[in-house]
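Report on one structure; see the data block that follows.
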Amino acid sequence: MWFKKKEKKEIDLSRLPNHIAFIMDGNGRWAKKRGKLRTYGHKIGSEAMTAVVRHAKKLGLKIVSFFAFSTENWNRPKEEVDEIFRIVRQLLHDRKEDYINSNIKLMV
């Protein structure tokens with residue numbers, strides 16, 4: 001797996017907030033440090049997002065937000081922007097039934 005599993009710790013579910021937000025930043029830099037294309041980092045970031053959504057659902061979190069594309073991102077090379085949106089479309093296509101069956105709602 002691309003990330004290291006941490007030691008399991010007990011989570012006090014009564015202390016969880018209703019909403020947790022994530023700023024997805026650094027995926028391209030992460031990939032470049034490993035000698036990969038920036039778009040590889042975006043793909044791995046989408047996999048991380050999927051894992052977070054799955055675990056958030058298991059924990060009973062009501063809302064999980066991802067800030068994944070800022071206005072500054074439009075300044076990236078067109079090929080990279082196109083690939084980011086292709087990854088998002090593919091992710092939504094691949095996970096559609098899973099999200100519907102799990103009562104996960106997507107708002108953009």
Identify the heavy atoms of His19 and Ser65 that sit nearest to each other, and give their distance. NE2-OG, 2.6 Å

In this structure, NZ of Lys58 is separated from CG of Leu13 (nearest 0.5 Å) by 13.5 Å

What's the separation between atom OG1 in Thr50 and atom CZ in Arg95, rounded to the nearest 0.5 Å? 5.0 Å

All heavy atoms of Ala31 vs all of Gly41, minimum pair found to be CB-N, 3.4 Å

Heavy atoms, side chains only, cut-off 4.5 Å: are Asp25 and Phe67 in contact? no

Non-hydrogen side-chain atoms of Lys36 and Ile44 separated by less than 4.5 Å: no

Nearest non-hydrogen partners of Val81 and Asn73, listed with the distance: CG2-O, 3.4 Å

From Lys105 atom NZ to Ile63 atom CD1, the distance as rounded to the nearest 0.5 Å: 11.5 Å

First locate atom CZ of Arg76, then atom CZ of Phe69, and finally report the distance between them rounded to the nearest 0.5 Å. 7.0 Å

Between Asp82 and Arg86, is there a side-chain N and carboxylate O pair less than 4.0 Å apart? no

Report yes if the side chains of Leu91 and Met49 come closer than 4.5 Å at any heavy-atom pair, otherwise no. yes

Taking the side chain as everything from C-beta on, heavy atoms only, tell me whether Val53 gets closer than 4.5 Å to Tyr99. yes

According to a hydrophobic-cluster definition based on side-chain heavy atoms being under 4.5 Å apart (Ile, Leu, Val, Met, Phe, Trp, Tyr only), do Phe85 and Leu92 belong together? no

Just checking Ile23: does its CD1 atom have more than 12 heavy atoms from other residues, nucleotides or ligands closer to it than 6.0 angstrom? no

Taking atom NZ of Lys96 and atom CG of Asp98, what is their separation to the nearest 0.5 Å? 13.0 Å

Which atom pair, heavy atoms only, marks the closest approach of Leu61 to Ile20? CD1-CD1, 3.8 Å

Measure the shortest side-chain to side-chain distance between Arg38 and Glu83 over non-hydrogen atoms and say whether it is less than 4.5 angstrom. no

Within-4.5 Å side-chain heavy-atom neighbours: Arg89 and His93: no

Does any part of the side chain of Asn27, heavy atoms only, come nearer than 4.5 Å to the side chain of Tyr40, both counted from C-beta? no

For Lys43 versus Ser46, what's the shortest heavy-atom pair and its separation? O-OG, 2.6 Å

Search all heavy atoms of Leu59 against all heavy atoms of Leu16 and return the closest pair with its distance. O-CD1, 3.8 Å

Report whether Ile11 and Val52 are members of the same hydrophobic cluster (ILVMFWY, side-chain heavy atoms less than 4.5 Å apart, transitive linking). yes

